[in-house]
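Below is one structure, written out as structure tokens, with a few remarks after it.
Throughout, protein chains are lettered first and strands after them, A, B, ... in sequence-line order, and every chain is numbered starting at 1.
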Amino acid sequence: MQVTQRHARWVRATHWIGAASVLALAFSGFVILMAHPRLYWGDAGNDLTPALLELPISRNHRHGGWTTPTRFAEIDGRARRAGPTEVGDAPVSASRTYEIFNKNGWGRSLHFLAAWGLVATGAIYLLGGVLSGHVRAHLIPRPGELTATHLARELADHLRLRIRPATGGPQYGLLQKCAYASVVFVALPLTVLTGLTMSPAITAAFPFLLTLFGGVQSARTIHFALWASLVLFVAGHVLMVALSGFRRQVRAMTVGD
Amino acid sequence: MPPRPRLTRREALLGGLTAAGGALLSGCSSYDLPPTYGNVLRMGDALTYAAHRTLLPGQSLVREYGRADISSFPAIGTTDPGNAALPTFNPAFGERYAQLRAGGFADWRLEIAGKVARPGTYSLADLKRMPARTQITRHLCEEGWSAIAEWTGVPLGHVLQAAGILPSARYVTFQTFDHWTDNIDMLDALHPQTILAYGMNGGDLPVPHGGPVRLRVETQVGYKSLKFLRRLLVHDEFDDLGKDGSMKNGWSWYAGI
């Protein structure tokens with residue numbers, strides 16, 4: 001019978017190494033964001049251009065430590081997209097006079113180290129998942145399983161906190177499959193790709209990444225949106241583990257019984 | 001009993017990994033790994049550097065933009081090495097810089113020393129007589145912001161050739177008037193878009209942006225593009241530059257990401 005199936009050893013190992021990598025990435029990513037908590041769209045975005053979103057998360061948020069903006073001499077008077085802090089319609093320069101919060105030295109190095117952990121573990125998981133049939137058998141909804149009525153019923157059950165007890169194995173419900181599959185096949189790969197788009201050496205070799213995401217600042221903004229969705233996923237995931245039997249679930253994903 | 005297969009899955013996997021590792025290591029003949037001091041974060045940085053140098057095609061050009069894409073550009077860090085009122089003031093070269101600036105940089109010289117056949121000094125006029133390159137590129141700061149500007153200068157590779165760089169040379173160290181120092185490997189030093197810039201957005205390079213001459217390393221993030229250049233030192237062996245170098249201050253030496 002299906003119910004007796006347990007989490008495979010390689011699934012348990014990649015789950016925890018992946019989880020540790022994601023937590024280190026989420027934390028160091030937040031530290032990096034604190035150095036410049038403004039988000040933009042396109043290829044250029046800085047304190048002298050308008051922001052898409054300003055996050056009130058560090059003392060760098062809307063700091064006023066700037067000299068009076070001045071125009072660049074030779075490109076004065078050209079018709080330009082004007083921003084609220086730009087002088088007239090020309091690009092300007094200003095010197096920063098304020099010491100910002102910046103822990104990016106270790107923040108960046110930890111972020112990229114953890115990124116290696118995620119990419120290596122993710123590659124092993126995807127390879128193992130496809131070769132072993134785990135992806136097809138447990139992550140992708142079966143033919144006929146993904147229907148509007150089924151989805152609505154599962155959603156209603158979850159909202160009323162009618163949670164099925166843990167099976168201790170990969171017999172996932174429909175919402176569970178959808179959540180895991182979107183993290184594994186959409187959110188994490190997109191996070192890696194938008195992250196790579198912020199590397200000047202990588203976009204020199206693969207400029208299509210800049211085209212794909214509409215510029216380095218767009219990639220950074222999408223990278224942040226994915227961070228937020230992954231943090232929400234982890235919160236929901238841990239909540240569901242708790243509601244369906246915390247000890248049973250943790251035992252199933254560690255020692256495997 | 002069935003005959004033992006020529007290659008079991010485990011053997012095939014191990015063999016493949018060994019071959020991949022060997023291919024990765026064989027790339028080491030063209031570069032040395034920076035030291036890690038047993039620090040796990042520096043090991044991650046070294047892995048990123050090795051992966052970029054092994055897996056990325058060498059010296060791909062970064063994307064260049066049009067004049068209409070030029071954006072506002074903050075000046076950060078040292079914005080005037082000669083101003084004794086600023087906390088960044090360093091008397092070792094700051095007073096000399098103030099004198100040079102008062103004279104319109106007519107007496108400014110760039111010294112080139114180390115593993116070159118013809119060590120010597122170059123005036124601003126000497127550099128401007130060399131073949132110029134103008135490029136509109138994106139500056140990406142490790143803090144997270146970016147800005148697009150037009151830079152005019154002489155390719156570093158041309159200056160190194162003019163000074164008669166010796167075949168054993170592997171690194172170029174830059175020393176500045178604001179008492180900063182950093183170095184890059186020869187792949188980035190000889191990159192066609194790595195220039196000693198004396199012009200910005202069609203005018204002279206403004207002092208807050210590193211005038212009279214700054215480095216542009218377009219394949220790495222902003223902190224490698226040192227401002228206020230004073231001296232170039234060509235050498236054979238990796239030098240972490242001690243307490244003045246980026247590594248001892250907690251920053252990755254390689255910043256292509």
Identify the two heavy atoms, one from [X] and one from [Y], that lie closest to each other, and give their separation to 0.1 Å.
X	Y	result
B:Ser146	A:Gln217	OG-NE2, 2.8 Å
B:His52	A:Ser199	CE1-OG, 3.8 Å
A:Trp116	B:Gly44	NE1-O, 4.1 Å
A:Ala204	B:Ser60	O-CB, 3.3 Å
A:Asn46	B:Pro74	CG-CD, 3.5 Å

request  = Sequence neighbours left out, what passes side-chain contact (heavy atoms from CB on, under 4.5 Å) with A:Ser132? Give chain and number order.
outcome  =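 Scan of A:Ser132 (side-chain contact (heavy atoms from CB on, under 4.5 Å), adjacent residues dropped) gives A:Trp10, A:His134.
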Are [X] and [Y] close enough that some pair of their side-chain heavy atoms sits under 4.5 Å apart?
X	Y	answer
B:Arg138	A:Val216	yes
A:Leu113	B:Leu41	yes
B:Phe73	A:Leu48	no
A:Asn60	B:Glu143	no

Side chain from CB out, backbone as N, CA, C, O: work out which of these in [X] comes under 4.5 Å of a heavy atom of chain B, or both, or neither.
X	answer
A:Ser93	both
A:Ala94	backbone
A:Thr211	both

Separation between [atom1] of [X] and [atom2] of [Y], rounded to the nearest 0.5 Å:
X	Y	atom1	atom2	value
A:Asp43	B:Ile148	CG	CD1	5.0 Å
B:Glu150	A:Phe72	CD	CZ	11.0 Å
B:Thr48	A:Ile202	OG1	CD1	8.5 Å
A:Thr203	B:Ile257	OG1	CD1	10.5 Å

query = Just checking, any donor-acceptor pair under 3.5 angstrom between side chains of B:Ser72 and A:Arg71?
reply =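 No pair is found: no donor N or O on one side chain lies under 3.5 Å from an acceptor on the other.
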key: Interface residue of largest heavy-atom contact number with chain B, from A:Gly42, A:Ala205, A:Ala35, A:Ser95, under 4.5 Å   =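 Top count of heavy-atom pairs under 4.5 Å with chain B: A:Ser95.
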task = Considering only heavy atoms, give the residues of residues 97-109 of chain A separated from chain B by less than 4.5 Å, sorted numerically, with 'none' for an empty result.
result =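 Checking residues 97-109 of chain A against chain B gives A:Ile100, A:Asn102, A:Asn104, A:Gly105, A:Trp106, A:Arg108, A:Ser109.
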request  = Report the option among B:Pro208, B:Gly256, B:Cys141 that has the most heavy-atom pairs separated by less than 4.5 Å from atoms of chain A.
outcome  =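 Top count of heavy-atom pairs under 4.5 Å with chain A: B:Gly256.
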